[in-house]
Protein chains: 2
Amino acid sequence: MINIILNNEAVTMPYTKDHKNKTREKILESSFKLFALKGFEGVTVNELMKNCGLTRGAFYAHFSSKAELYSESLKFAASGTKLASFKPEDIPSKKWLALLLDEYLSLEHVRGEHTITCPLAFLATDINMQDDEIKSAYSDVYYGMNSTIMKYATSYTDCDQHDILSVTTMIIGAVAIARTLPDQESIMALLTACRREAGLKLGGI
Amino acid sequence: MINIILNNEAVTMPYTKDHKNKTREKILESSFKLFALKGFEGVTVNELMKNCGLTRGAFYAHFSSKAELYSESLKFAASGTKLASFKPEDIPSKKWLALLLDEYLSLEHVRGEHTITCPLAFLATDINMQDDEIKSAYSDVYYGMNSTIMKYATSYTDCDQHDILSVTTMIIGAVAIARTLPDQESIMALLTACRREAGLKLGGI
DNA sequence: TATTTAATATGATGTTTATCATATATTATA
DNA sequence: TATAATATATGATAAACATCATATTAAATA
């Protein structure tokens with residue numbers, strides 16, 4: 001169906017245009033989960049590929065290095081969170097922010113059971129062991145989160161940039177620390193405390 | 001000078017009683033700094049030992065594995081923080097808490113320039129890639145921080161356990177995230193926002 | 001169905017690294 | 001100063017792993 005003329009010769013295309021893109025996304029999604037769970041050094045290229053039904057051989061057709069995959073999967077995860085897929089028309093800002101807090105500060109999120117977990121909370125310190133490009137990807141995600149929340153919070157309350165910074169910092173810290181706690185009760189206590197506090201800060205939600 | 005009778009024979013003691021302890025502490029202190037900077041997987045036993053003027057050969061006379069050193073250095077760092085060395089008689093609780101926040105949320109701390117950095121902030125997610133004993137050491141440190149702050153905050157204000165949890169979570173998150181930010185200005189903005197917020201929460205300090 | 005070529009898999013390599021085995025250095029006492 | 005024993009250093013090993021080179025598979029067209 002599709003022909004590309006190259007050097008005056010017809011060249012066949014054995015795979016459909018976006019087969020590779022689909023595979024790439026599959027690798028990104030499943031890799032992010034493993035990275036979040038075990039850290040950059042804690043997982044091997046082999047494992048990452050096996051995790052999505054491929055072998056390490058296919059890897060270098062998609063990414064030039066493990067570090068590049070890490071960086072790309074970070075951006076991918078950020079774009080897939082509820083935060084990033086927010087549609088402002090769907091629902092009032094105030095209600096949406098409340099739902100966001102509920103989900104973000106949930107047991108399921110802490111346990112990594114959400115389809116996509118927040119890289120900010122799961123990889124906070126892992127990032128610092130990587131190079132500047134990765135750190136930069138991380139802080140971009142962080143500022144993105146802040147400006148989205150800021151945008152919708154200011155529509156119904158008068159909190160300023162400082163308030164938002166302190167709230168995002170707290171909820172990210174809450175999930176990161178909750179992951180280290182030994183039992184469900186301790187985790188819930190922390191999440192509940194931070195949920196209440198964040199709600200107050202964001203205009204009583 | 002010191003004789004120990006063992007199997008009816010006098011045994012000489014080539015090194016003074018606590019030479020080994022001193023060395024052990026030296027290893028713990030310098031290792032924690034490296035672990036905090038580069039993570040568990042990011043640093044080798046060789047580096048850790050070279051960092052305090054020894055070689056890898058001496059290592060296994062002090063610790064049975066790299067993981068054990070990690071766990072021990074975590075506890076060591078926690079015991080060495082300003083928080084742990086707090087003397088209640090020295091200074092009024094309120095003033096001391098204010099100083100603590102100032103130091104904790106300082107540029108120097110974020111840069112790792114303090115003699116001892118806070119393991120909670122520097123290793124938050126690195127911990128989750130380790131085994132349960134290490135996670136347990138981490139959460140012990142976290143709860144220790146909470147109860148110390150709680151103890152002194154309640155002496156002059158009426159905040160409850162939930163308030164303390166949300167404050168500690170925020171300041172730990174603040175330092176962890178600040179470390180990922182690209183420039184001093186961004187770091188200061190975050191630290192300042194959280195310093196203000198924490199001060200309000202802890203009775204206006 | 002044959003052909004072409006992209007996608008994926010398998011095999012191989014060189015390096016890094018935790019840990020072990022053994023040798024050397026150091027120092028408190030006799 | 002000689003001795004004994006601990007502390008430290010050096011040498012060796014085996015496993016793990018990222019990446020490269022090469023082979024196989026599979027699918028779109030003629």
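Excluded from the calculations below are hydrogen atoms, water molecules and symmetry mates; all remaining heavy atoms, backbone and side chain alike, are included. Residue numbers begin at 1 in each chain, while the letters A, B, ... track the order of the sequences.
Residues A:Ala137 and A:Leu74 approach most closely at CB-CD2, 3.7 Å, considering heavy atoms. In this structure, A:Thr169 and B:Ala174 approach most closely via the heavy-atom pair CG2-N, 3.0 Å.
Side-chain atoms of A:Thr125 and B:Thr125 include a donor-acceptor pair closer than 3.5 Å.
We find that CD of A:Gln130 is positioned 12 Å from P of D:dA18, with the value rounded to whole Å. The distance between atom CZ of A:Arg24 and atom P of C:dA6, rounded to the nearest whole Å, is 18 Å. If you take NZ of B:Lys20 and P of C:dT26, they are 18 Å apart, rounded to a whole angstrom. Atom CE of A:Met49 and atom C1' of D:dT19 are 13 Å apart (whole Å). Distance A:Phe63 CZ to C:dA7 P: 13 Å, rounded to the nearest Å. With rounding to whole Å, B:Leu54 atom CG is found 15 Å from C:dT24 atom C1'.
Using a 4.0 Å cut-off, no side-chain N or O of A:His19 falls inside it from OP1 or OP2 of D:dA28. Between A:His62 and C:dA7 there is no side-chain N or O to OP1 or OP2 distance below 4.0 Å. Contact annotation: B:Thr23 does not reach the phosphate of D:dA7 (side-chain N/O to OP1 or OP2, under 4.0 Å).
The aromatic rings of A:Tyr70 and A:Phe40 sit perpendicular to each other, their planes meeting at more than 60°, with 30° as the lower class boundary. Between B:His109 and B:Tyr104, the two ring planes are perpendicular [angle over 60°; tilted spans 30° to 60°].
Between B:Tyr138 and B:Tyr142, the gap from one ring centroid to the other reaches at least 6.0 Å.
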What string of B, S and - do you get for nucleotides 11-23 of chain C 5' to 3' if you count protein non-hydrogen atoms under 4.0 Å? BB----SSB----
